[in-house]
Colleague: 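Right, I'll just put the structure down here and ask away after.
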Amino acid sequence: MAEYNSLEKIRLQKVEELRAEGVEPYPTRAQRTHTSAQAIAEFEADETREVKATLAGRIRSMRPKGKLTFAHIEDGYGKVQLFLRVNEVGEANLGFFNRMFDLGDFVEATGVMFRTKAGEVSLHVRDFKLLAKSITPLPADKDVTQEDGTVVRHATLDDPEIRARQRYADLAVNPDVRETFRKRAKLVKSLRTFLDDHDFLEVETPILQPLYGGAAARPFVTHHNELEQDMYLRISFELYLKRLLVGNMERVYEIGRDFRNEGVSFKHNPEFTQLEFYWAYADYLQVMELTEQMVSYAAEQVTGSTKVKFGEHELEFKPPWKRIEMRDGILETSGIDIAEYKTAEALLKAINEKQPKAAPDPKSTRGKLIDFLLSEYLEPTLIQPTFLYNYPRDISPLAKSMPGDPLTVERFEGYVAGFELCNAFTELNDPLDQEQRFLEMGRDYEADDEEKHPLDEDYLRAMRYGMPPNGGFGMGVDRLTMVFTNKHSIREVLLFPALRKEE
RNA sequence: GGGCGCGUAGCUCAAUGGUAGAGCAGCGGCCUUUUAAGCCGUUUGUUGAGAGUUCGAGCCUCUCCGCGCUCACCA
């Protein structure tokens, strides 16, 4: 049973009184004829014409003023002021409105659009009706300017926990939050449009998988009762999408949810939205070009420009993006030339000599040491959209080696605002090399069982049928949403981010 | 998982170890063009939960719960 606070009890009392008076507080149907925006636009188009309208929305402010009442209602398209006067609605109805209606209630009002003396386009109400009584008060937004000129915000909803946990309340009172999610939808739509227009086929592959793979993350485990087997929530789409290339589907993409049983941070949520595409007969350089075109297209669709403000930076997404070979970038920012150190031991020694303050894990593989240098020195400098390319083989088990350079693979990552946005490579299509890589990984990670990856025999079988050379791509859609909406936490771009359960 | 911080009225926040407060919201009035109206009056609390120290705990200690920041983990 719900426990009601004193404010809620007053409103519950009103619900009972309404029913006693024969007024249904939750009627089944509404009869809106105009949205707030439509009614205002129609009136403003020709103010001499009578615009009759029935509007509906949530009461966001109320100013009873004797024989007049002003109230703003808000719908999905904006706010509009209601003007109630005793002359039209009568004393009894005006008193009823003032007494029984509260901030947060959904109401419907019929009347004629007009402009008040203060100049605001409003609805001159003839008739009104309750659509849904609000029991729990929403915070009314109100700021008060103090004598010393400072503005004190009152009764807003800005506790980050409540905003995330009760997103419905957050959305109801914070219009900018609604705007963020409108932009998110636009982003996803623009990515689809772009890929569709480039002849990619959208597909859906299993979320419940008998084996997980395609990334280095711990999975969520569940169990299928009838099959009597454990199943995993996917950590990436990669291995299934590439199976489709074996089946002669040349260009495929999927936008969906990945699940990773890892830590939560401002850029990590246990479930997140990923875009992956695979493109037969292309290599990573072609993927690079398609990426910068796709992201700049999305930037324009979502923000109206390829220039996007993010914090103190203005990011320019217009192609071509900066390209930095990983070796050069690391050399420039850390002073270490990774090409000179072909083993983990040698590279570790060099790091300890040249960057004595750095503290890499001494048990790291060479690839992990390079990754350490990358994230420690190079990554923070990559503010403008930048492609970093040519990665060490041993942290890229699904990417193809560069011809003539077995330690390096044809891989790039896109960076923006100092964090990783996407990851792509010329995909490994040699089944024998792939098997070797899987085995190597097993060896490299032997010490830490959690990072050891299962060998996907079915994937190898698919590759043995023959996989065309291809380029593949993966991108965190949540992170791109953050960049395009100038939000600095992934929670701000997820409607319902992962939180510990209450109680 | 580690470190640091936070949790007080519906909301935003105050309160040397000594009577728990303000604004807004609410409630009762006044007000026929307001603008996040104004004026008069007024109510509201298991101070996240539990235990301890103390004559006395919102404040100090411990345990737990939740959140934030951060580090670690995160091809």
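Numbers restart at 1 for each chain; the letters A, B, ... are given by sequence-line order, proteins then strands.
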Colleague: Return the nucleotide paired to B/rC55: Watson-Crick means purine N1 to pyrimidine N3 with N6-O4 or O6-N4, wobble means G-U with N1-O2 and O6-N3, both under 3.5 Å.
Modeller: B/rG18
Colleague: If you measure from the P atom in B/rG1 to the same atom in B/rU19, how many Å do you get, rounded?
Modeller: 40 Å
Colleague: How is A/N87 classified with respect to the nucleic acid when contacts are heavy atoms under 4.0 Å: base, sugar-phosphate, or nothing?
Modeller: base
Colleague: Using the P atom as the reference point in each nucleotide, state the distance between B/rC62 and B/rG23 in Å, no decimals.
Modeller: 37 Å
Colleague: For a quick check of understanding: with a heavy-atom distance under 4.0 Å over all strands, which category does A/L7 fall into, base, sugar-phosphate or nothing?
Modeller: base
Colleague: Quick test of your reading of the model: are A/E44 and A/R115 salt-bridged, counting only N-O distances below 4.0 Å?
Modeller: yes
Colleague: Base, sugar-phosphate or nothing for A/R85? Non-hydrogen atoms, less than 4.0 Å.
Modeller: base
Colleague: So, A/R479 side chain and A/E420 main chain: donor-acceptor pair closer than 3.5 Å or not?
Modeller: yes
Colleague: With respect to the side chain of A/R411, which nucleotide from B/rA75, B/rC73, B/rU34 is positioned closest?
Modeller: B/rA75
Colleague: Give none if B/rU32 has no partner; otherwise give the nucleotide forming a Watson-Crick or G-U wobble pair with it, both distances under 3.5 Å.
Modeller: none
Colleague: Both A/E413 and A/E120 contact RNA chain B. Which one's nearest nucleotide lies toward the 5' end?
Modeller: A/E120
Colleague: Is there a Watson-Crick or G-U wobble partner for B/rU63 with both distances under 3.5 Å, and which nucleotide is it?
Modeller: B/rA49
Colleague: Provide the distance between the two C1' atoms, one in B/rC39 and one in B/rU34, to the nearest whole Å.
Modeller: 15 Å
Colleague: Touch check for A/K9, heavy atoms < 4.0 angstrom, all strands: base, sugar-phosphate only, or nothing?
Modeller: nothing
Colleague: Distance-only, no hydrogens or angles: does the A/R167 side chain make a donor-acceptor pair with backbone N or O of A/R165 under 3.5 Å?
Modeller: no
Colleague: Say we look at B/rA15 and B/rA9: how far apart would their P atoms be, to the nearest angstrom?
Modeller: 15 Å
Colleague: Which base sits across from B/rG10 as a Watson-Crick or G-U pair, both distances under 3.5 Å?
Modeller: B/rC24
Colleague: If you measure from the C1' atom in B/rU12 to the same atom in B/rC6, how many Å do you get, rounded?
Modeller: 15 Å
Colleague: Any strand is fair game: report the nucleotide pairing with B/rC4 by Watson-Crick or G-U wobble, both distances under 3.5 Å, or none.
Modeller: B/rG68
Colleague: Using a heavy-atom cut-off of 4.0 Å across all strands, would you classify A/R491 as base, sugar-phosphate, or nothing?
Modeller: sugar-phosphate
Colleague: Hey, is A/D433 close enough to A/K400 for a salt bridge, meaning N to O under 4.0 Å?
Modeller: no
Colleague: Measuring only the C1' atom in each nucleotide, how far is B/rC65 from B/rG48? A whole number of Å is fine.
Modeller: 7 Å
Colleague: Can you tell me whether the side chain of A/Q81 and the base of B/rU34 have a donor-acceptor pair closer than 3.5 Å?
Modeller: yes
Colleague: Could you go step by step and tell me if A/F70 and A/F83 meet the ring-ring contact (aromatic ring centres under 6.0 Å, His included) rule?
Modeller: CA-CA 5 Å; A/F70 296 88; A/F83 175 81; 5.3 Å; yes
Colleague: Only one of A/F310, A/F266, A/F419 forms a ring-ring contact (aromatic ring centres under 6.0 Å, His included) with A/H488, so which one is it?
Modeller: A/F310
Colleague: When rounded to the nearest Å, what value does the distance between P atoms of B/rG68 and B/rC74 take?
Modeller: 23 Å
Colleague: Can you tell me the base-pairing partner of B/rA37? Count Watson-Crick or G-U wobble geometry only, both distances below 3.5 Å, and say none if there is no partner.
Modeller: none
Colleague: Base, sugar-phosphate, or nothing: which does A/S396 touch, judged by heavy atoms less than 4.0 Å apart?
Modeller: nothing
Colleague: Please compare A/M62 and A/K67 by the position of their nearest nucleotide in RNA chain B and report the one closer to 5'.
Modeller: A/K67
Colleague: Taking the P atom in each of B/rG58 and B/rG45, what is the distance between them to the nearest angstrom?
Modeller: 16 Å
Colleague: Tell me what A/Y391 touches on the nucleic acid: a base, only sugar-phosphate, or nothing, going by heavy atoms under 4.0 Å.
Modeller: nothing
